[in-house]
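One structure is given here, and the rest of the page talks about it.
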There are 2 protein chains.
Amino acid sequence: MANKRVTLADVAAEAGVAVSTASLVLSGRGAAVRISTSSQQRVRDAAQRLGYRPNAVSVGLRKGHTSTLGFISDSVASSRLAGEMIKGAIEAARDRGFMVFVGETGGNTTLERQLLDAMFDRQVDGVILASMLTHGRDLPAELTRTPAVLLNISTDGDLTLPVVLPAEHQAGRDAAAALVEAGHRDIHLIGAGPGPDDVRTISSAARQRLAGILEVLGENGLAPASGRDINQWLPPEGYRAASALLEKGVPEALLCFNDRLAMGAYQAVQEHGLSIPGDVSVVSFDDASIAAWLHPGLTTFALPHRAMGKRAADLVVDVIEHDRRGTDQPAPGSGVHLIPMPKRDRDSVRQLDR
Amino acid sequence: MANKRVTLADVAAEAGVAVSTASLVLSGRGAAVRISTSSQQRVRDAAQRLGYRPNAVSVGLRKGHTSTLGFISDSVASSRLAGEMIKGAIEAARDRGFMVFVGETGGNTTLERQLLDAMFDRQVDGVILASMLTHGRDLPAELTRTPAVLLNISTDGDLTLPVVLPAEHQAGRDAAAALVEAGHRDIHLIGAGPGPDDVRTISSAARQRLAGILEVLGENGLAPASGRDINQWLPPEGYRAASALLEKGVPEALLCFNDRLAMGAYQAVQEHGLSIPGDVSVVSFDDASIAAWLHPGLTTFALPHRAMGKRAADLVVDVIEHDRRGTDQPAPGSGVHLIPMPKRDRDSVRQLDR
DNA sequence: AACGCTTGCTAGTTCGGTTTAGCACGAGCG
DNA sequence: CGCTCGTGCTAAACCGAACTAGCAAGCGTT
């Protein structure tokens with residue numbers, strides 16, 4: 001369609017110099033190879049005038065790198081949160097001059113390999129492998145061929161890749177602390193617990209949140225008043241768990257393992273004619289969009305998906321640039337990067353005066 | 001890092017033929033140029049043995065196209081729905097052998113131009129320009145240089161680009177019909193109306209939904225019992241609107257302009273001690289995730305984001321392949337493509353027996 | 001006049017493929 | 001015996017840039 005791109009040759013012709021001269025000038029090496037100021041100016045003017053933009057494909061072929069990243073996740077769309085992760089990654093990448101290919105596997109390993117191949121074929125400089133499920137998994141061997149970062153994937157292997165994860169353990173501590181500091185003693189867990197091994201979900205987040213919670217309760221001489229280990233963290237389950245609790249009396253505080261459980265708990269509490277936070281305090285994790293829409297606003301600890309995506313992209317680019325420099329220093333960033341889960345303080349916790 | 005890629009030259013050497021021969025064989029033109037069966041086999045074996053994969057960058061440079069699409073939206077992450085749109089596009093693209101660059105502008109036009117440039121630099125074969133806001137806008141001129149499709153963007157111009165939109169008008173008709181057919185007569189609109197011009201949102205969806213609704217009501221000799229034109233379609237607004245209604249009596253049916261408004265309406269109805277659908281029926285649009293989580297499940301007309309993304313990708317690829325063939329036939333797919341909004345039938349509508 | 005040095009610029013190779021034009025050889029034909 | 005034709009394959013140009021090696025002109029020296 002339409003007029004083809006302006007090439008370096010066009011610029012060179014317009015400026016009356018050789019292609020190599022134009023290349024040198026535009027890549028900033030003009031002074032270094034002693035191109036006269038006037039010629040340099042002519043080249044730059046010509047480029048400007050013609051609206052020259054280097055063909056990245058050609059540059060990629062010649063230089064062997066493409067300023068391109070691959071982002072592969074098992075589910076782009078399943079949650080708003082996945083979108084945030086991608087967004088963070090894309091933005092960080094752009095700030096560093098990279099574009100990103102996005103692929104989605106739906107958990108299919110064959111597809112994952114195909115996507116990786118398709119990306120390597122296109123000479124991506126690095127790869128971010130993301131999951132929405134945060135659990136251990138085997139990694140495709142190809143990942144060692146290129147800088148790579150794991151995003152929201154905890155691996156068991158002794159892998160030296162950088163790994164970006166939410167600080168679930170700390171969030172567990174913070175959530176428990178929020179209730180304890182508000183004066184609560186009668187704290188019921190919905191989603192996992194009461195024991196440290198009562199965790200049914202595959203999600204390793206559950207285990208860590210629980211550990212953090214129990215730690216803080218223990219430090220305050222407390223234990224969960226009850227716990228309900230649930231496999232599917234969805235509103236109906238939260239509803240059921242809270243309803244069961246309400247049969248036996250009014251719990252002082254509910255610590256829900258995610259916002260959907262909390263949403264169900266809200267429904268149960270409110271159907272019982274009780275008020276949040278007047279009668280029951282609720283704290284949760286994730287900061288899904290419903291957290292803000294519930295009545296009253298739900299105090300929750302946000303999964304920092306955006307920040308995680310950004311960190312992951314920054315890490316791959318760090319590694320890429322490090323490799324490019326070719327120094328002997330060890331690759332940067334390997335190891336686990338925990339991104340804090342910030343508290344979204346809303347109106348579901350009552351301050352008791354004890 | 002690690003062993004470099006296998007090139008065509010490696011394969012040719014291994015098979016004992018010239019590079020051009022290997023190329024011909026692997027691109028399937030072996031028979032056409034009379035390469036002996038035995039040579040062909042040797043080349044294929046060698047390729048197989050060495051694990052050869054063509055370097056897409058090189059191919060892109062030579063052939064001038066890259067089997068790559070650009071997807072630019074103003075907000076990847078703002079909603080789960082945007083993710084669905086991207087997912088649909090990515091999947092359809094993959095099925096056709098394309099990878100996709102994803103970019104996000106946040107509504108910033110300068111950024112949009114930069115992203116387009118970065119994508120054109122990388123020789124994308126086509127572009128999908130998407131918006132979450134569905135309203136008219138000016139388009140960057142660059143879009144005429146390459147096959148392009150507008151996704152969820154309605155343009156005023158006489159543009160010949162294909163445009164993919166949800167069938168809002170029809171959904172408005174369907175939503176009204178759902179209530180009318182259930183025997184409702186006392187239908188209150190929350191979000192826009194009651195008159196056809198009572199539409200405050202910039203979203204053109206509002207206007208079309210409203211038009212569809214009024215059409216069907218009119219055809220049944222009805223008019224909205226009331227309407228509330230709201231700018232921000234969020235739960236608190238829905239709550240307020242429904243509460244105001246409830247002050248004056250019990251409305252038979254609420255037709256909310258999106259699920260968030262419906263969520264707010266639920267809260268109000270339930271706080272008034274009334275039941276959905278026992279006392280009040282509710283119908284809505286979007287099928288956001290909360291629609292399924294609400295008690296009872298909300299009957300709503302789904303924004304078909306996934307299908308829209310898929311259609312958009314298919315359309316660009318159609319155009320690309322059409323251009324490639326270089327026939328004189330007119331470009332395919334130009335014009336508006338309306339994707340149906342399917343009904344998600346849940347439990348918020350009561351069947352009256354009149 | 002011959003030589004070396006600096007200055008200013010360019011020819012030519014390379015990246016990894018695709019594609020066209022055509023070479024070399026043997027068989028068949030008159 | 002010379003010519004044409006078919007078969008099987010390859011050399012070489014090309015895509016658009018990056019980059020190395022080095023040429024030519026001008027100037028000062030001896």
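Chain letters run A, B, ... following the sequence lines, proteins first and then strands; every chain starts at 1.
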Side chains of A:S23 and A:S20: do they bring a donor and an acceptor to under 3.5 Å?
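Note: A:S23 and A:S20 side chains miss the donor-acceptor criterion.
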Mind calculating the distance between CD (B:Q123) and C1' (D:dG16) to the nearest angstrom?
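For the pair B:Q123 CD and D:dG16 C1', the rounded distance is 9 Å.
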Are more than 12 heavy atoms from other residues, nucleotides or ligands located less than 6.0 Å from atom CZ of B:R113?
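No, not enclosed.
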Between A:R34 and A:R53, name the one whose nearest nucleotide on DNA chain D is closer to the 5' end.
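Closer to the 5' end of DNA chain D: A:R53.
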State which residue, out of A:K87, A:R306, A:R94, fulfils the salt bridge (Lys or Arg N to Asp or Glu O under 4.0 Å) condition with B:E104.
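By the salt bridge (Lys or Arg N to Asp or Glu O under 4.0 Å) criterion, B:E104 pairs with just one of A:K87, A:R306, A:R94: A:K87.
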Regarding A:R5 and the six-membered ring of B:F120, is the cationic atom NZ or CZ under 6.0 Å from the ring centre and inside 45° of its axis?
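So A:R5 doesn't make the cation-pi contact.
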Output every pair passing side chain to side chain donor-acceptor pair (under 3.5 Å) with a member in residues 50-62 of chain B, not counting sequence neighbours, ordered by first then second residue.
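As it turns out, the side chain to side chain donor-acceptor pair (under 3.5 Å) pairs with a partner in residues 50-62 of chain B, which skip direct neighbours, are A:D121-B:R53.
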Please enumerate all residues that pass side-chain hydrogen bond (donor to acceptor under 3.5 Å, both in side chains) together with A:T68, with sequence neighbours excluded.
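Expected list: B:R122.
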Residue whose closest nucleotide on DNA chain C lies nearer the 5' end, B:L61 versus A:Q40
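The residue mapped nearer the 5' terminus is A:Q40.
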Describe, as an angle rounded to 10 degrees, how the axis at the first end of the helix from C:dA1-D:dT30 to C:dG30-D:dC1 is tilted relative to the axis at the last end, five pairs per end.
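End-to-end axis angle: 90°.
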Distances under 3.5 Å between nitrogen or oxygen atoms of protein and nucleotides 18-20 of chain D:
| unit_1 | atom_1 | unit_2 | atom_2 | d |
| --- | --- | --- | --- | --- |
| D:dA18 | OP2 | A:S23 | OG | 3.0 |
| D:dA18 | N3 | A:R62 | NH1 | 2.3 |

Candidate list B:V124, B:T146, B:V127, B:V317, test side chain to side chain contact (heavy atoms under 4.5 Å, CB included), partner B:L69, passing option:
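Among the candidates, only B:V317 passes.
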Please report the shortest heavy-atom distance between B:S131 and B:I153, naming the atom on each side.
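Shortest heavy-atom separation between B:S131 and B:I153 comes out as CB-CG1, 3.4 Å.
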From B:E84 atom CD to B:H305 atom NE2, the distance as rounded to the nearest 0.5 Å
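Result: 9.0 Å between the selected atoms.
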Taking salt bridge (charged side-chain N to carboxylate O under 4.0 Å, His left out) as the cut-off, I'd like each qualifying pair that reaches into residues 37-48 of chain A, sequence neighbours left out, listed once.
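Residue pairs with at least one partner in residues 37-48 of chain A: there are none.
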Can you give me the first and the last nucleotide of DNA chain C (5' to 3') that has an atom within less than 4.0 angstrom of a non-hydrogen atom in chain B?
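So the outermost contacting nucleotides come out as C:dG16 to C:dT20.
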